[in-house]
Amino acid sequence: MPNRPPILKKSLKVTRGFTLIELLIVASLTVVIMLTVSSMLMTFLITSQKASIQQRVKSEGESALSKMEFLLRNARKLVPSLDGATTCNNDAENPMTSIAIQGFDGYTTTFQLYPEEEPKIASYSSAINDYYYLTSDGVRVNNLRFVCLTGAENSHYVGVSFELAVGTGEQSDRETAVETFQT
């Protein structure tokens, strides 16, 4: 027999890797997971921002209320305020917008909203002839009211209420917080 070259079998080269469908499935799953994680992160950040604003309003309101409450409880007597308004109107249906007290040091302190264009809760003291602000520029104050009733032996009962707000005023806005304070 003549010398023939050996018949070479065609060998199939097997390559290991991923098919296009497998790559598309993995890419799709990755996109879905990333969208879910980013959505959760955005929700967390928005909720955190809203909680921070609400905490700020609550903290500032409680601080202002406690300062007024302390000075009112430790006052010697009620006196006419800066505008000459009545000392105590004894009308729960028509609350006063400012109230003045005389401390044991003899100085008069008046609580009111000041200035008119961007009001803050202000304490005007005759000791320093200036205003001390109980709320900051970052919050809006609405409806500062004092209900004053005369009790036995010329004692007075004073109720304080006001509303603090940050943001546009719409509750759906994430940068808005509104809270009412009263005692």
Side-chain angles (χ1 to χ4, degrees), residues 35-75 78-103 108-151 155-183:
L35 286 174
T36 303
V37 168
S38 65
S39 173
M40 288 172 51
L41 179 64
M42 288 302 292
T43 302
F44 171 76
L45 291 175
I46 289 169
T47 304
S48 175
Q49 180 182 19
K50 179 81 172 173
S52 173
I53 290 171
Q54 287 174 332
Q55 181 59 36
R56 176 178 164 210
V57 168
K58 185 173 183 162
S59 173
E60 197 162 326
E62 287 175 351
S63 173
L65 190 60
S66 70
K67 288 175 185 173
M68 285 189 286
E69 205 173 358
F70 177 79
L71 289 172
L72 286 166
R73 287 183 191 273
N74 294 302
L78 292 176
V79 295
S81 59
L82 293 174
D83 58 4
T86 181
T87 303
C88 183
N89 67 355
N90 284 315
D91 186 2
E93 299 299 319
N94 189 18
M96 302 182 313
T97 57
S98 67
I99 195 166
I101 57 170
Q102 184 180 55
T108 300
T109 301
T110 303
F111 298 111
Q112 64 188 26
L113 291 180
Y114 185 82
E116 289 183 24
E117 57 275 358
E118 290 182 31
K120 297 178 270 197
I121 298 177
S123 166
Y124 181 84
S125 174
S126 64
I128 59 172
N129 272 346
D130 203 4
Y131 286 95
Y132 173 76
Y133 296 103
L134 303 178
T135 55
S136 68
D137 291 332
V139 298
R140 288 187 321 278
V141 181
N142 300 312
N143 301 322
L144 175 64
R145 300 288 182 252
F146 300 95
V147 174
C148 182
L149 302 171
T150 303
S155 63
H156 294 91
Y157 301 97
V158 178
V160 180
S161 67
F162 59 92
E163 180 181 276
L164 289 185
V166 169
T168 61
E170 297 180 27
Q171 290 290 4
S172 61
D173 183 13
R174 68 177 178 227
E175 294 179 4
T176 295
V178 178
E179 189 153 346
T180 302
F181 299 89
Q182 66 183 21
T183 182

S.K.: If I take atom CZ from residue Phe162 and atom OG1 from residue Thr180, how far apart are they, to the nearest 0.5 angstrom?
M.R.: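 Here the interatomic distance stands at 9.5 Å.
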S.K.: Are side-chain heavy atoms of Val141 and Leu164 found at a separation under 4.5 Å?
M.R.: yes
S.K.: For Lys120 and Leu113, indicate whether the former's side chain and the latter's backbone hold a donor-acceptor pair under 3.5 Å.
M.R.: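 Flag not set: sc Lys120 to bb Leu113 has no pair under 3.5 Å.
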S.K.: Just wondering, are more than 12 heavy atoms of other shown residues or ligands nearer than 6.0 Å to CD in Gln182?
M.R.: no
S.K.: For Glu117, does the CD atom sit with more than 12 other heavy atoms under 6.0 Å from it, leaving out its own atoms?
M.R.: yes
S.K.: Given Val160, which partner from the list Phe181, Phe146, Phe111 fulfils the side chain to side chain contact (heavy atoms under 4.5 Å, CB included) test?
M.R.: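 The residue from Phe181, Phe146, Phe111 that satisfies side chain to side chain contact (heavy atoms under 4.5 Å, CB included) with Val160 turns out to be Phe146.
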S.K.: Between atom OG of Ser123 and atom OH of Tyr131, what is the distance when rounded to the nearest 0.5 Å?
M.R.: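 Output value for this atom pair is 10.0 Å.
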S.K.: Taking OH in Tyr132 as the centre, count heavy atoms belonging to other residues, nucleotides or ligands within less than 6.0 Å. Is the count above 12?
M.R.: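 Counting neighbours around OH of Tyr132, 12 or fewer heavy atoms of other residues, nucleotides or ligands fall under 6.0 Å, so no.
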S.K.: Less than 4.5 Å apart, any side-chain heavy atom of Tyr114 and any of Ile121?
M.R.: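 When only atoms from C-beta onward are counted, Ile121 and Tyr114 do not touch, as no gap falls below 4.5 Å.
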S.K.: Is a side-chain donor or acceptor of Ser126 paired with a backbone partner of Thr108 at a separation under 3.5 angstrom?
M.R.: yes
S.K.: Considering non-hydrogen atoms only, spot the tightest contact between Leu149 and Asp91 and give its length.
M.R.: CD2-N, 4.2 Å
S.K.: Closest heavy-atom contact between Val147 and Pro95?
M.R.: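 Closest pair (atom of Val147, atom of Pro95, distance): CG2-CB, 3.9 Å.
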S.K.: Using every non-hydrogen atom in the two residues, find where Cys148 and Met96 come nearest and quote the distance to one decimal.
M.R.: CB-CE, 3.8 Å
S.K.: Which value, rounded to the nearest 0.5 Å, describes the distance between Gln102 atom CD and Thr109 atom OG1?
M.R.: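 Taking CD in Gln102 and OG1 in Thr109, the distance rounds to 9.5 Å.
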S.K.: Would you compute the distance between atom CG of Asn143 and atom OG1 of Thr97 and round it to the nearest 0.5 angstrom?
M.R.: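 So the gap between those two atoms works out to 11.0 Å.
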S.K.: Nearest 0.5 Å, please: how far is CD1 in Ile53 from OG in Ser48?
M.R.: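 So the gap between those two atoms works out to 10.0 Å.
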S.K.: Does any N or O in the side chain of Asn90 come within less than 3.5 Å of the main-chain N or O of Thr150, such that one atom is a donor and the other an acceptor?
M.R.: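 It does hold such a pair.
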S.K.: So does Ser39 get a backbone contact from the side chain of Thr43, meaning a donor-acceptor N/O pair under 3.5 Å?
M.R.: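 Between the backbone of Ser39 and the side chain of Thr43 there is a qualifying donor-acceptor contact (under 3.5 Å).
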S.K.: Taking all non-hydrogen atoms of both residues, which atom of Ile101 and which atom of Ala75 are closest, and how far apart?
M.R.: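 Shortest heavy-atom contact: CB-CB, 3.7 Å.
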S.K.: Taking C-beta and beyond as the side chain, do Val57 and Val178 meet within less than 4.5 Å on heavy atoms?
M.R.: no
S.K.: Ignoring hydrogens and geometry, is there a side-chain-to-backbone donor-acceptor pair from Ser66 to Glu62 under 3.5 Å?
M.R.: yes
S.K.: Between OG1 of Thr135 and CZ of Arg140, what distance do you get to the nearest 0.5 Å?
M.R.: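 If we round to the nearest 0.5 Å, Thr135:OG1 and Arg140:CZ are 12.0 Å apart.
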S.K.: Do Glu175 and Gln49 have side chains that approach each other closer than 4.5 Å (heavy atoms only, starting at C-beta)?
M.R.: yes
S.K.: Does Glu60 reach the main-chain N or O of Ser136 with its side chain, forming a donor-acceptor pair under 3.5 Å?
M.R.: yes
S.K.: Please find the pair of heavy atoms, one from Ala100 and one from Pro80, that lie closest to each other, and give the distance.
M.R.: CB-O, 3.7 Å
